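So that the names make sense, note that chain A is the first sequence line, chain B the second, and so on, each numbered from 1. All values reported here derive from a predicted model rather than from experimental measurement.
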Amino acid sequence: MISIHTITNPSTLQFRPKRPSRKPPKTLAPIHALLQYNRKPQLAGDTPRVVVITSGKGGVGKTTTTANIGLSLARLGFSAVAIDADVGLRNLDLLLGLENRVNYTVVEVLNGDCRLDQALVRDKRWSNFELLCISKPRSKLPLGFGGKALIWLVDALKNREEGPPDFILIDCPAGIDAGFITAITPANEAVLVTTPDITSLRDADRVTGLLECDGIRDIKMIVNRVRTDMIKGEDMMSVLDVQEMLGLPLLGVIPEDTEVIRSTNRGYPLVLNKPPALAGLAFEQAAWRLVEQDSMKAVMVEEEPKKRGFFSFFGG
Amino acid sequence: MASIGAVHVRSPSFLPLRNFRNGLQFWSELGLGCTCKYSSGRVTYRKFVVKAMESDVDSGLRNDAVVIKNSEKDNVEKQQQLHQNIVAKLHESIGSLPVFAFSIGKLSGMNFTIGLCIVATILVVVVKGYATQRSSDRRPGSVADLVRRGQLRSDRRGISTPLKYEDPFNNPMVKVSKSNSTVEMCGKVYRLAPVTLTDELQTVHQKRRSRAYQWKRPTVFLKEGDPIPSDVDPDTVRWIPANHPFATTASDIDEGLAQTNVYQKHGVPFRIQAEHEALQRKLEALQNDQKLGKLVIDPAAARDFERPLKSHMKSENQVEHSTSTPKSGSSASPSDNPPGNKLLPEEMQNP
């Protein structure tokens with residue numbers, strides 16, 4: 001697991017390589033990365049941290065991000081509750097492979113058909129990850145107290161007997177309609193998912209503006225579906241271009257990966273793939289930065305041909 | 001289906017040959033002893049063909065005789081022998097023809113059977129296709145539907161073995177170069193570039209957005225057409241259409257009650273308890289009206305129908321019933337309370 005930082009002050013370097021090089025580099029390279037070996041990320045901020053994952057535009061990967069970051073957090077040892085706040089078009093349960101275990105939703109909790117702990121679906125793979133769906137696909141959410149209901153839910157999760165979760169991730173529906181308003185109500189911070197295309201960027205900018213108007217200042221972005229080959233051919237905006245347009249700190253850059261579709265259809269999030277996929281590794285790093293309230297200081301620009309050794313001819 | 005079709009298509013081509021051989025051997029050797037319809041038909045047809053061929057032979061003979069008269073008389077005997085040979089050949093051909101004709105006649109019967117089979121097969125296919133379409137129309141696009149259509153594998157959803165690194169904080173798939181300018185992930189090397197966003201730039205963007213987007217989060221949801229309450233800021237109202245697919249402004253539950261439901265940690269949920277109490281009240285009301293008296297099963301009568309092996313279980317149940325009698329009221333034994341003189345729950349509690 002790595003996290004990439006710019007080394008602004010070499011004296012505060014936290015680089016812990018396994019085998020420190022005997023000869024220090026003569027001159028510091030312009031780009032520095034920091035490997036974090038053999039330690040758990042330090043949780044920053046007050047728990048539970050309520051994070052809304054939103055985008056504005058649909059189909060950019062909000063739900064995929066929620067599923068993968070949620071399970072990454074669970075793998076890193078933090079308890080997480082993912083709330084699927086997409087009222088009409090919920091899909092988080094499918095991505096997690098938990099669709100057959102959702103019997104009760106928040107609507108049933110509000111109606112008094114079940115208790116909150118009965119509506120929480122615990123993932124058997126990582127028991128510190130739970131899913132909560134806000135409604136069934138064919139039911140309507142009464143909006144009279146939609147936003148308030150999420151605030152009550154967060155309060156109830158804070159005060160539950162087994163202790164509050166470290167993270168509450170809210171998967172926001174697309175658009176800026178009633179579902180969006182409901183989903184952002186209890187959030188303290190936001191993760192904005194966007195793709196490097198102009199339609200997604202315009203929506204992302206609008207949503208960022210609405211979030212800032214609502215008082216959510218801690219907004220980080222994940223740039224999804226990045227293709228370095230297209231960036232190299234100047235057919236796609238680079239991540240740095242996207243950042244220049246939106247002016248938001250980067251939580252992660254997720255490369256385009258065919259494994260995403262495969263894992264979605266299998267109901268098995270990318271971060272649990274074996275062997276790990278490139279996008280899964282990127283999600284893991286994003287989760288690491290989310291825990292530490294950190295942001296990327298260096299981004300992958302393009303693919304370089306791998307340097308081969310002298311004996312590579314013989315397979316070395 | 002392809003195999004069945006092939007069989008149906010190929011079978012007629014085999015049938016005549018098989019019938020021809022069988023008919024030739026069977027009917028000629030047995031001498032048409034049977035009286036079945038097909039055999040008599042064959043015999044008559046055979047006679048007719050024989051006559052027709054003989055007439056042809058006679059005319060042929062006449063022509064030959066004229067030719068013989070005009071030519072040499074020495075060859076008469078030879079010609080006669082030749083004619084005898086021709087007649088013998090004709091008889092042979094006659095022996096073969098009626099069987100072929102019969103086989104065609106039998107083939108028409110077989111065609112009916114084959115046609116019936118084809119129609120039955122088509123019917124089965126159509127019915128099966130219709131049934132499949134009906135079943136897939138129930139929930140198109142669902143996971144079960146995708147599994148049925150073979151686009152998803154049901155055994156690969158959510159039950160794979162999870163990835164467990166030896167050490168989750170030491171990922172061997174990620175390596176950063178010593179100069180920290182490249183990173184190798186999953187066997188691919190990427191060049192790293194520094195992020196150029198500064199705090200000043202971030203602030204500039206925030207100011208730009210605050211100017212561009214003036215927004216108050218709506219806190220009041222009203223149905224389109226409803227009047228705005230006097231104490232509500234119009235900017236904070238979100239209008240919801242009455243036919244909105246996912247959202248509704250109508251709520252049949254009290255806000256305070258909903259909050260209590262969310263905060264409930266133990267015990268029976270509110271709605272379940274309310275329904276249970278309502279059912280109990282209804283039951284009591286029915287008992288009060290003595291409508292339920294007729295529905296009570298007499299244990300003494302029921303005992304006669306029970307199996308002897310369950311007698312001890314029944315006695316245990318009776319003990320339990322007797323202990324729980326004061327609460328339920330309906331479980332009071334009619335031997336103690338005859339149907340016409342039942343104790344009502346209120347009477348039992350306050351005798």
Side-chain angles (χ1 to χ4, degrees), chain A residues 1-2 6 21 25 29 31-33 35 37-39 75 87-88 97 99 109-116 125 140-145 152-153 156 178 181 206 208-210 212-214 240 243 247 249-250 265-268 272-274 276 278 281 296-304 306, chain B residues 143 152 156-158 160 162-163 167-171 173-174 176 178-183 185-186 188-197 201-202 204-206 209-210 212-213 215 217-218 221 238 240 245-251 253 255 257-259 261-265 269-272:
Chain A
M1 174 61 69
I2 68 160
T6 305
S21 57
I31 310 302
H32 303 281
L35 276 178
Y37 275 127
N38 298 326
R39 76 173 181 89
R75 283 190 65 231
V87 178
E99 72 274 5
V109 175
L110 290 169
N111 286 335
D113 290 326
C114 69
R115 295 190 309 272
L116 177 59
R125 296 164 292 201
K140 284 189 172 188
L141 181 74
L143 287 174
F145 38 87
W152 300 335
L153 282 174
I181 297 160
R206 180 89 197 272
T208 311
L210 301 188
E212 284 169 350
C213 289
D214 197 44
L240 294 178
Q243 192 176 35
L250 268 170
N265 286 337
R266 286 173 61 195
Y268 208 71
L272 303 179
N273 263 18
K274 189 178 184 179
L278 201 59
L281 290 175
M296 289 180 85
K297 300 294 186 290
V299 294
M300 294 187 296
V301 183
E302 62 189 27
E303 195 176 336
E304 284 192 343
K306 193 176 179 181
Chain B
V143 174
L152 283 184
R156 291 180 65 179
R157 283 194 56 74
S160 305
L163 170 65
D167 178 1
F169 309 115
N170 180 12
N171 195 329
M173 304 298 287
V174 182
V176 176
K178 286 179 183 175
S179 62
N180 292 330
S181 60
T182 57
V183 60
M185 290 173 73
C186 296
K188 290 178 181 174
V189 180
Y190 293 92
R191 193 168 61 82
L192 293 173
V195 165
T196 52
L197 184 75
L201 266 175
Q202 218 170 323
V204 167
H205 275 285
Q206 278 182 3
R209 277 192 289 262
S210 67
Y213 309 114
W215 189 66
R217 178 155 56 85
F221 297 91
R238 171 70 81 176
I240 306 293
F246 314 131
T248 175
T249 53
S251 170
I253 192 162
E255 187 173 324
L257 193 59
Q259 190 174 4
N261 290 337
V262 173
Y263 288 140
Q264 186 179 5
K265 290 179 185 173
F270 162 76
R271 180 67 67 92
I272 306 293

- Heavy-atom pair of closest approach, residues A:C213 and B:W215: CB-O, 3.5 Å
- With a 4.5 angstrom heavy-atom cut-off, could you sort out which part of A:L240 is near chain B: side chain, backbone, both or neither? side chain
- Taking atom CG of A:L210 and atom CZ of B:R209, what is their separation to the nearest 0.5 Å? 10.5 Å
- Output all residues satisfying side chain to side chain contact (heavy atoms under 4.5 Å, CB included) with B:R271, sequence neighbours left out; order by chain, then residue number. A:N111, A:D113, B:E275
- Task: Just jot down the side chain to side chain contact (heavy atoms under 4.5 Å, CB included) partners of B:Q259, sequence neighbours excluded, or say none.
- Result: A:W152, B:Y263
- Query: When only pairs under 4.5 Å are counted, which of A:L153, A:L250, A:L110 shares the most heavy-atom pairs with chain B?
  - Reply: A:L110
- Given the options B:V262, B:I272, B:V204, which has more heavy-atom pairs under 4.5 Å with chain A than any of the others? B:V262
- Message: For a quick test of reading the model, state the closest non-hydrogen atom pair linking A:R115 to B:K265 and the distance between them.
- Response: NE-O, 3.3 Å
- Of all the heavy-atom pairs spanning B:P269 and A:G112, show the shortest one and how long it is. CB-O, 3.0 Å
- Which distance, rounded to the nearest 0.5 Å, do you find between the NZ of A:K297 and the CG of B:L197? 9.5 Å
- Kindly give the heavy-atom pair with the smallest separation between A:Q243 and B:T196, and that separation in Å. OE1-N, 4.4 Å
- Query: Hey, are the side chains of B:Q202 and A:P249 touching, using non-hydrogen atoms and a 4.5 Å cut-off?
  - Reply: yes
